[in-house]
Each structure stands twice: as C-alpha cells, then as structure tokens.
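These figures come from a predicted structure and were not determined experimentally. For ligands, and for the atoms within them, numbers begin at 1 and follow the listed sequence. These values consider heavy atoms only, across backbone and side chains, with no hydrogens, waters or symmetry-generated copies.
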Amino acid sequence: MSPEEFRRHGKQVVDWIADYLAGISSYPVMSQVKPGEIRAALPSRPPEEGEPFENVLADLERVLLPGITHWQHPGFFAYFPSNASGPAILGDLLSSGLGVQGMLWVTSPACTELETVVVDWLAELLGLPEHFRTDAAGGGVIQDSASSACLVALLAALHRAGGGRVAAEGVDRRYTLYVTSQTHSSLEKAARIAGLGAAAVRGVDVDPGTLAMDPGHLRTLLAEDEAAGAVPAMVCATVGTTSTTAIDPVPAIGEVCRERGVWLHVDAAYAGVAAVCPELRWLNDGVAAYADSYSTNPHKWLLTNFDCTVLWTADRAPLLGALSILPEYLRNAATTTGSVVDYRDWQVPLGRRFRALKLWSVIRWYGAEGLREHIRKGVALARELAGWIAADPGFRLHEPHPLGLVCFRPVWRGLPAAESDRATLRLMELLNASGSMYLTHTKVSGRVLLRMAIGTAATERQHVERAWEQIRREHAALSATLP
Ligand code: PLP
C-alpha cells in the first residue's frame, strides 16, 4: 500500500469509525450470534491475490459487525467499562503509523522517554506517592493488562523474598502468596506461571459484610505459614474488587506486611483511576506508606483504549533484578552507561508497543478536569441508580457501592433461594437478549447478584433511567409467569 493509497483508505477508516461511534446506540449491545456463525461466514482459505481495501471494510460491516459486542454502547453495563475515546484511538493510530518497537531506549528514545513522563504525570494526577516517580527509587511502566502487572509484581516480590536468588536458582523454597476469595483470578494465574502452583495461593478471610480482607486473619496465616517453613512472598490487596468493588483495608494490611517483611501489591485495576478526583483520593489510603507495587488500568475507566495498565513500584531494583537479561544482540552504548531506562526489563515480553502515545493524547485532550468529569459522571449515575433500587421493594441493593458499579438482586416472592437465583439469571438473559443493555452477574454469600457497571463515555442519565425502567418491567413480567 503506497502512502497515497494509505491516505485514501485511512480517511475511509476514520470516517467509518466516526460513523460507528456516532451511531453506536442503534446496535444491539451484546452480539446475538451463535458459536461458529462468524467463522462459517468467512472464507476458510486465504486469498491468493491481493484485494481492494474496500472489500475488507465491506466484510467488516456485513460479516463481523453482527459478531461485535459494542463495549462503547451507552447500554453497556457488563463487567467493567473498557473505555475508548477519540484521542486514544488517534494516539493508537499514530503509534501504529510510527511502527516503532520500544524494547530498549535506543530503539526509539522518544517511546521510552514519553512513557516515563506520562506515567509520572499519571502518578501526580492520581495523587500517588513521590517515590513511585521515575526520578526517585521507584518508577512506573505501561503493561498490557493488570494480569501482567500482577505477574511482574509477583516476580519482583519473589526476587526480594528469595534474597535475589530466585532469578538464578529458581523457586527453591515454598513461597506463598496471600489473596482473598474476592481477589482477581489473575493472581492465581500469576502463581501458576511463576511456578509456585495454585497450592501456594493462601486464602485470607474476608469480612462477610464488606467482603474486604481481614488483616487479623492475614497476620495469623502469615505466622502459621512461616512456622511451617513457607516463605511468604507477596500479599495482594485489592482496591475495588471485580465482583463488587470491595476495598481491602490497605493501611492495616500494610502494617502486617511491614511486620513480616512481605511485599504488598495493591491491585486497583478498575478503581485506581478514580483517584483523579480529589474527593476519591481515599482510594489511595495506605498506598504511600505501605505499597511495594501498585497497578491501575486507564483502559478500564480512564478513556484510554485497551490495552493500557500502569504498574508502579516503590523500588525498581527487585523488578530489574528479577527480569533483566542482556544478551549480546541487545547490547548498546546507552544501555551500557546505565543512564537510560530500558522498559524491556520491566515486563514479560521483550518487544513493546508505543502505548504511551494514546495515554498522552488522552491526558492532553481531556486535561485533569475532563478526566475528573468523566469519573464523576459515572459515580453520580451509579449513586442515583442505587437510590432507585433501594426505594423499590421488588429489589435488594448490595451495599456499599462507592464507585460506578451497582450490584443488586430482584426479589422473587415465594421462591426459595436456588430458584430465585435461576430466575435472576433468566431475567438477565432476557434483558441482554433485548439488545438494549448488557449486564453481568456475580455471587455474594451464595446468592446471585446482577452487576450494573456505569462508566462508558456515551452513557448518560437517560440510558441508566431507561435501563432501570426496563429491568423493572421485565422483572414484573417474569414474576407474573412464575408459580
Ligand atoms: N484485577 C482486577 C481487580 C480486575 O477487576 C481485573 C479485571 O476486571 C483484573 C485484575 C484483570 O484485568 P486485565 O484484563 O487488565 O488483566
């Protein structure tokens, strides 16, 4: 494709995206295709001869769009939001256009140095501690996902817990990792990848009301495990759990970690970015004093297209100790001087995209005030929705709901718990099949709850209100059919 052809098709693509975003409300939120349907509509063999780019766009519309779930739809309330935005899309396009691979400072100095600036900016915007900044002992780095951030944190924690020997000698002792039933599954995955195995993952009790980690039980478990010969490597506290946005008490957990010399990772994948609002800075309580590492996902709620997780560490030395390898083919003068950052040493893969461009574009386009406005809108809409649910005797609200996620369950009069849960899931299927919204569910104390996560850029009050009215209507209609 010549630059002139690229210009022509590039304009078509940008127009296509602009039309798509402008008309996104007209699509059913959740794709309704059956497994295999999209694959069956595509040729099984690659073309022998090249085709005009228009054919790709035509097939995108005709074949692929029915198989797309529209994450930017104003009725998307599933999982957590995965925000896209104009500046992030354009920043990503520029990154693709430049086509650089920023594994080393020397392979594109601007790729590294912009990333350093942007993660330091974000630390400042979120009110994170000075020692997370790159000109201090720590530093931030963009990872593809929170799962990678947790894995990298665990590798650094193991390095420190093993006195710097794990990188060379492997997992020579029974290292353990502490989570709760509410911690994201990526922590167990990280333990498996690191060779610790799922058996190394120790479950700390949660408070049955708040679902937050019980620091007293953590203290007991650490003491018991150490007495039994284990080496506690890392505790993961979550600020904003995936299921219900429960908040682990980081200061109390941090105190226990400090007593025992155990690495504290704070996973704030969804909630962390909300600290851009000063009134939500309490989300960072304990982070400055106790966290060895901390991660949050601008790709969830901060208007930055997937993928973009930022991981900060209070001390980069264990991270670099765990992951640095310098083969001859990567040697270069800048690395040898030690005066540059080589982000390949801060992550699992060697190669890396120029992700900082999209985060930079987002922060510059919206400014701190624009980012705050976006978060505040989600929090305010969630609060209003929670008020409607609490006032309706046909529903039970799950408390607390500090951010954009509201969990609740419909009441099914006269039905025992198991059948009620089945009815709740049936209601969710009906709502999702309607095309106007997409909800997901979770289980708390054995009961199914519906999750409504508000935070898509296009979601306004009218969308939440309409969705709530539809939930009430469908609940009444389904109730009427039950015995
Ligand atoms: N941690 C928490 C608390 C999450 O909620 C999630 C995803 O929802 C993750 C980790 C995993 O995120 P990612 O998809 O970036 O790996």
Side-chain angles (χ1 to χ4, degrees), residues 69 71 76-84 88 122 126 140-155 177-194 201 204 206 210-213 234-250 253 264-275 283-284 287 291 293-312 347-349 352-353 355 358-359 378 382 401-407 438-444 449 451-456:
T69 287
W71 284 67
F76 185 95
F77 304 116
Y79 308 104
F80 281 134
S82 186
N83 287 174
L122 191 62
L126 301 183
V141 56
I142 301 180
Q143 304 274 330
D144 56 0
S145 65
S147 304
S148 295
C150 293
L151 173 61
V152 164
L154 179 61
L155 296 170
L177 164 66
Y178 297 80
V179 303
T180 74
S181 57
Q182 306 301 305
T183 306
H184 193 266
S185 55
S186 52
L187 270 293
E188 181 179 324
K189 196 186 255 188
R192 293 195 207 174
I193 296 170
V201 183
V204 184
V206 294
T210 62
L211 303 177
M213 184 185 283
M234 185 171 103
V235 173
C236 178
T238 308
V239 173
T241 59
T242 316
S243 173
T244 62
T245 59
I247 314 271
D248 287 337
V250 173
I253 293 168
L264 173 62
H265 177 65
V266 177
D267 175 10
Y270 162 72
V273 297
L283 289 163
N284 295 340
V287 169
S293 51
Y294 174 94
S295 54
T296 188
N297 286 4
H299 72 224
K300 280 186 161 59
W301 198 9
L302 206 68
L303 298 163
T304 308
N305 286 54
F306 191 84
D307 49 358
C308 185
T309 291
V310 184
L311 168 71
W312 287 274
Q347 60 172 25
V348 172
R352 58 202 324 274
R353 303 174 57 224
R355 293 193 192 91
K358 64 185 168 194
L359 187 53
H401 43 83
L403 300 164
L405 174 70
V406 182
C407 299
Y438 183 12
L439 306 176
T440 50
H441 76 282
T442 188
K443 244 184 193 180
V444 171
L449 297 183
R451 295 172 74 264
M452 193 155 161
I454 300 169
T456 296

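Looking at Asp307 and Arg353, a side-chain N of the basic residue comes within less than 4.0 Å of a carboxylate O on the acidic one, giving a salt bridge.
The shortest contact between atom 15 (O) of ligand 1 and any protein heavy atom is with Ala146 N, 2.8 Å. At the top of the distance list for atom 1 (N) of ligand 1, counting protein heavy atoms only, stands Asp267 OD2, 2.6 Å. Ranking the protein heavy atoms by distance from atom 6 (C) of ligand 1 puts His184 CD2, 3.3 Å first. Taking atom 12 (O) of ligand 1 as the reference point, the nearest protein heavy-atom neighbour is Lys300 NZ, 3.3 Å.
If you look at Tyr79 next to ligand 1, there are no close heavy atoms at all, none under 4.0 Å. With a 4.0 Å heavy-atom cut-off, ligand 1 is reached by the side chain of Asn297 but not by its N, CA, C or O.
The Phe80 neighbourhood of ligand 1 comprises atoms 5 (O), 8 (O), with distances under 4.0 Å to a heavy atom of that residue. Set against the non-hydrogen atoms of His299, the atoms of ligand 1 under 4.0 Å away are 15 (O). Proximity to Thr242 (heavy-atom distance under 4.0 Å) selects the following atoms of ligand 1: 2 (C), 3 (C), 4 (C), 5 (O), 8 (O). Atoms of ligand 1 lying under 4.0 Å from any heavy atom of Gly240, numbered from 1 in the order shown and given with element: 3 (C).
Counting heavy-atom neighbours within 6.0 Å of Tyr79 OH, excluding the residue itself, gives a total of 12 or less.
Here the shortest heavy-atom pairing between Thr296 and Ala268 reads OG1-O, 2.8 Å. Taking each heavy atom of Tyr294 and Gly272 in turn, the nearest pair found is OH-CA, 3.3 Å.
Side-chain contact check for His299 and Ser145: no donor-acceptor pair (N or O, by modelled atom type) lies under 3.5 Å.
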Go through Thr309 and Asn297 one step at a time and tell me if the side-chain hydrogen bond (donor to acceptor under 3.5 Å, both in side chains) criterion holds. CA-CA 4 Å; Thr309 291; Asn297 286 4; 2.7 Å; yes
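For the side chain to side chain contact (heavy atoms under 4.5 Å, CB included) with His184, the qualifying choice from Thr241, Thr242, Val179 is Thr242, the only one to do so.
Taking Tyr178 as the reference, nothing meets the ring-ring contact (aromatic ring centres under 6.0 Å, His included) condition, with sequence neighbours excluded.
Residue contacts with ligand 1 leave out Thr241, since none of its heavy atoms falls under 4.0 Å from the ligand.
Geometrically, ligand 1 and Ser147 share a nitrogen or oxygen pair separated by less than 3.5 Å.
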